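To start, the structure under review is shown below, and the notes come after it.
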Number of protein chains: 2
Amino acid sequence: MTAAVHVVDDDASFRTAVGRHLRAAGYEVFTYETAADLLAQLPLTAPGCVILDVKLPGMSGPELQRRLIEHGTTLPIIFLTGHPDIPASVRTIKAGAEDFLIKPVPGHQLLDAIERAIASHHTGQARGHEIAALRALFDALTPREREVFRLVVHGRLNKQIAHELDITERTVKAHRQSVMEKFKAHSLLELVFAAENLGILSRSDRHAMLERNLTERSSGSDRGH
Amino acid sequence: MTAAVHVVDDDASFRTAVGRHLRAAGYEVFTYETAADLLAQLPLTAPGCVILDVKLPGMSGPELQRRLIEHGTTLPIIFLTGHPDIPASVRTIKAGAEDFLIKPVPGHQLLDAIERAIASHHTGQARGHEIAALRALFDALTPREREVFRLVVHGRLNKQIAHELDITERTVKAHRQSVMEKFKAHSLLELVFAAENLGILSRSDRHAMLERNLTERSSGSDRGH
DNA sequence: TTTCATATTGGCTGTACGGACAATGTGCAC
DNA sequence: GTGCACATTGTCCGTACAGCCAATATGAAA
């Protein structure tokens, strides 16, 4: 399995050495002198990982990490720095970095880290593809269908949706059926799971649903319409 | 808001100094010389956090961290060590530690870290209480109701459940209704959200549901019974 | 023995929804 | 103008499920 390793370091001799080492290990290596050079190559879709120096001319390593995450890249990041910096390691790892190594790094240690990073990327990519497939289905919906979809997975009844959208219940059923067909869903549950993977059901949405279950209400009259 | 800070360090003078400092800041402080001393106090339910030295006589800090997690404790852990150790910081942070500080630590820095840790613990505890409440509802179910519950939230129809449990569809309906009442759920969705928070719907379960939607099948005959 | 929780099953009514038969109107692209 | 996608609405039928009326059997606890 060929994997791409992207190395960002301002030290040319380091890039050369690491590049040779990693290519010898069977990786496809791309080197960049600055963070901007790597950002210019986005999006990077091939499986692999990124190796960053913390201290870089211009944009720093952690700043580049933030940009990559903002951009939606799921490439695992391994930090590789010559200056031990515990606070930086804590921040970057908490931000999702895969590893934080100190130069000079023994060859086998770097290869091990890359191996782990790429393995991690694989599982992440599998999930990414799944979400992309769902996204494609969602994008194929018409605007109206999207509205109905959102309300349906929030637990609204056709009747309620009809009222909220100011249309007939029959129309809601029509859109609802289109959504079910386009998503190839055979039950409401399947649609809800798809919605969760699409991030359409936020945590607060689910939370609101649960709160109703956990609070005791002895009052006789329920929902005030 | 009084919060409990648990300090584990084998240096008596350090315990005294930190204890005095934190008490002056308004925290309730408990000090322990060894990991075992803290483990003996479990479970710790009050809001707060734990401060660990990496190097401890007997059980090490990271090992204690592992034990605490195994035990289900959600107390955030701040590591505080005299020997900068990047690999250790990476491992502990990836294992969920809240922070990793180097001795000697400026007083304000430690207090900031504790503040963040306790804030984090609050949100975690809120969620913990919610799950505990759901757990209580789940535990109030009869064995049979639990079986039906599990199958229902996996999307099975009453008919299918009846077949799997070798009982009548009418009986499934009875149990299903009991479950809905005990969970105060007004719709299938609410029950499913509860199940997700209880970890009854594993990721692989949801994944299996999605796969059916993402794979095109043109064959006429569906489920082979 | 009586009581109680649990599990089991039946019938009946109403609602919610899926599926299949439609039709109408609007706006945009060719 | 003619198609086409989209939105809208209608009726009819069947399934799935909630809600309420029950009854019966079993085992454990009082």
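Chain letters run A, B, ... following the sequence lines, proteins first and then strands; every chain starts at 1. Keep in mind that what you see is a predicted model, and the values were worked out from it rather than measured.
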**Closest to side chain of A174(A), choosing from dT8(C), dT8(D), dA18(D)** = dT8(D)
**For the student: nearest non-hydrogen atoms of F183(B) and F149(B), plus distance** = CE1-CE1, 3.9 Å
**Salt-bridge present (E98(B), R116(B); N to O < 4.0 Å)** = no
**Request:** Describe the nucleic acid contact of K173(B) in one word from base, sugar-phosphate, nothing, applying a heavy-atom distance below 4.0 Å.
**Result:** base
**Asked** Are OP1 or OP2 of dT9(C) and a side-chain N or O of T171(B) less than 4.0 angstrom apart?
**Response** yes
**Message:** So, does H175(B) get its side chain near the phosphate of dT8(C), meaning an N or O under 4.0 Å from OP1 or OP2?
**Reply:** yes
**Asked** Does a nitrogen or oxygen in the side chain of T168(B) sit under 4.0 Å from OP1 or OP2 of dT9(C)?
**Response** yes
**Message:** Is the phosphate of dA16(D) approached by N158(B) (side-chain N or O, under 4.0 Å from OP1 or OP2)?
**Reply:** no
**Asked** Looking at the side chain of Q177(B), which of dT8(C), dA7(D), dA18(D) is the nearest nucleotide?
**Response** dA18(D)
**Asked** Contact class for L157(B) vs. all strands (heavy atom < 4.0 Å): base, sugar-phosphate, or nothing?
**Response** sugar-phosphate
**Prompt:** Rounded to the nearest 0.5 Å, how far apart are CG of L189(B) and NE2 of H154(A)?
**Reply:** 10.0 Å
**Prompt:** Does the dG11(C) base have a donor-acceptor partner in the side chain of R170(B) within less than 3.5 Å?
**Reply:** yes
